[in-house]
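Here is the structure we will look at.
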Amino acid sequence: MIRVVDLHKTFGGQEVLRGINVEFETGKITTIIGGSGSGKTVLLKHLNALLLPDRGSVLVDGRDITKLGQSALNEVRQKFGMLFQSAALLDSMTIYDNVAFPLREKTKLKEKDIEQKANDSLAQVGLAGMGYKFPAEVSGGMKKRAGLARALVTQPEIMLFDEPTTGLDPLLGKSIHELIRRMHEKFRFTGVIVSHDIPEVFKFSDRVAMLANGVIIEAGKTEEFTASTNPMVKQFLQGETQGPISVL
Amino acid sequence: MLSLIGQTGRYAIQSTAGMGRIFLFLLSAFAWAFRPPPRLRLVVHHLRTIGVESLSVVILSGVFTGMVMGLQGYYSLRKFNAENFLGSAVALGILRELGPVLSAFMVTGRTGSAMAAEIASMKVTEQIDALYSMAINPIQYLISPRIIAGLISMPLLTAIFDVVAIYGAYLVGVELLGVSSGSYFAGMELSVVFKDVFSGFLKSVSFGLIITWICCYKGFNAPPMASGVGQATTESVVLCFVMILVWNYVMTSVML
């Protein structure tokens, strides 16, 4: 389980997170929604300590990762996989090498076993036979799938998804969601998704949390969340421009 | 008045903190260079990008620098009937000053800028974050191998520049302008001592460090936006040129 307690973060005098308190249950998928620039990605990047808070703590299985040294932190990070908004594939490597990379770096597997696992992972995301291409030679959707293959190849306990369907057409977006759902069924990881893709993303989310004004204003099971009477949640879900959330 | 003092103080604190960050970055790169796993393959890869791929531009600039030195040296020395000292003048100038400095400029332009741009681009596209998320330290993976490769490549490139430039001057001075070949090389042999070669070697090693250190630092700390790549590249090249000239003066004054 991941527990975020009283998390504060300021960038250049602007307080982005103002005391976040939220829990991400083991084996469940939690989606974080909120307006653009509300700090969703900032919150996500605190979960595996890519960003460190000004105040507050992030407890992963009871350990506060904000206070860990480099080697202890690396140990905890090995529990995580992350799909970045831009996929963040290493552009000097082929798709195959990108997927094999964490295995080569973090395991003592033989090259033959690495090849097997990397190819399996590519096949799972529908990229069998595409491993020889470089990231610059493939489409946005293929990059996301390759990023997902790389994140899942080490079978992490926790998966973080930063806007996995941004920049993709609705069909590709749907296929990525379907892929995440299938992978979750297979690996049963704890998933945290930052997404704007409402209501699509709710179809496979166990829980939803909404971030606004630097705090979590509502969190709960998906069906409870969608029935929320909180005016900010209602306005956001219905896509209204008038309401407590100022749009312009 | 108080605000002026405040601004000056703030600037001084920011500058000191900035310098501290640059030095900590270098210390961290050295510390990670000695931690497992060894990154020999990456060092070899960067030896190719910094060393082998800069070879053509270093040779070209070496030839023409030597030729100009041969030409200028000949016309200057002829005023004193001292053309036979052309070999000494060219060798001392190239080994002690021009060889290390000009080859460092070439490597900065050819490889340093590309290094800063590549690392900055990795920062902007979250590739560095991706390394962190895979529990791989980017300093160890991206920076330390480049610095080691820079320390090895730069003296080798400088040595090649020196040899090529000396033969460039020979071509103009001896083959075109008629200075005696024997006096060209004999003068060189008499005037050049080990200290001259060694000072050039030390300079080239330190320039190798400056180029990789500054360019990697600027790339690694680029603002996370598209313009950050251009900004990091420009700043790294300008800062390298300035640092090379300043450090060259410091080393020359210490080793004369």
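Numbers restart at 1 for each chain; the letters A, B, ... are given by sequence-line order, proteins then strands.
- Other residues, nucleotides and ligands contribute over 12 non-hydrogen atoms within 6.0 Å of the CZ atom of A/Phe11.
- In this structure, CZ in A/Arg77 is found 11.0 Å from CD1 in B/Ile136, a value given to the nearest 0.5 Å.
- Open room surrounds OH on B/Tyr167; 12 or fewer heavy atoms of other groups in view lie less than 6.0 Å from it.
- When B/Leu131, B/Asp129, B/Thr125 are compared by the number of non-hydrogen pairs under 4.5 Å with chain A, B/Asp129 comes out ahead.
- Distance check, rounded to the nearest 0.5 Å: CG of A/Leu83 to OG of B/Ser133 gives 10.0 Å.
- Shown here is A/Lys106, whose NZ atom has more than 12 heavy atoms of other residues, nucleotides or ligands within 6.0 Å.
- No more than 12 heavy atoms of other residues, nucleotides or ligands shown are found within 6.0 angstrom of CZ on A/Arg3.
- In plain terms, the two heavy atoms of B/Ala130 and A/Ala88 that are nearest each other are CB-O, 3.7 Å.
- In terms of non-hydrogen atom pairs under 4.5 Å with chain B, the most contact-rich of A/Leu89, A/Asn48, A/Leu90 is A/Leu90.
- The residue among A/Met82, A/Gln78, A/Arg150, A/Glu75 with the most heavy atom pairs within less than 4.5 Å of chain B is A/Arg150.
- The distance from the CD atom of B/Glu126 to the CD atom of A/Gln85 is 6.5 Å, given to the nearest 0.5 Å.
- Among A/Val76, A/Leu160, A/Leu50, the residue with the largest count of heavy-atom pairs under 4.5 Å with chain B is A/Leu50.
- The distance from atom CG of A/Asn98 to atom CE of B/Met134, rounded to the nearest 0.5 Å, is 7.5 Å.
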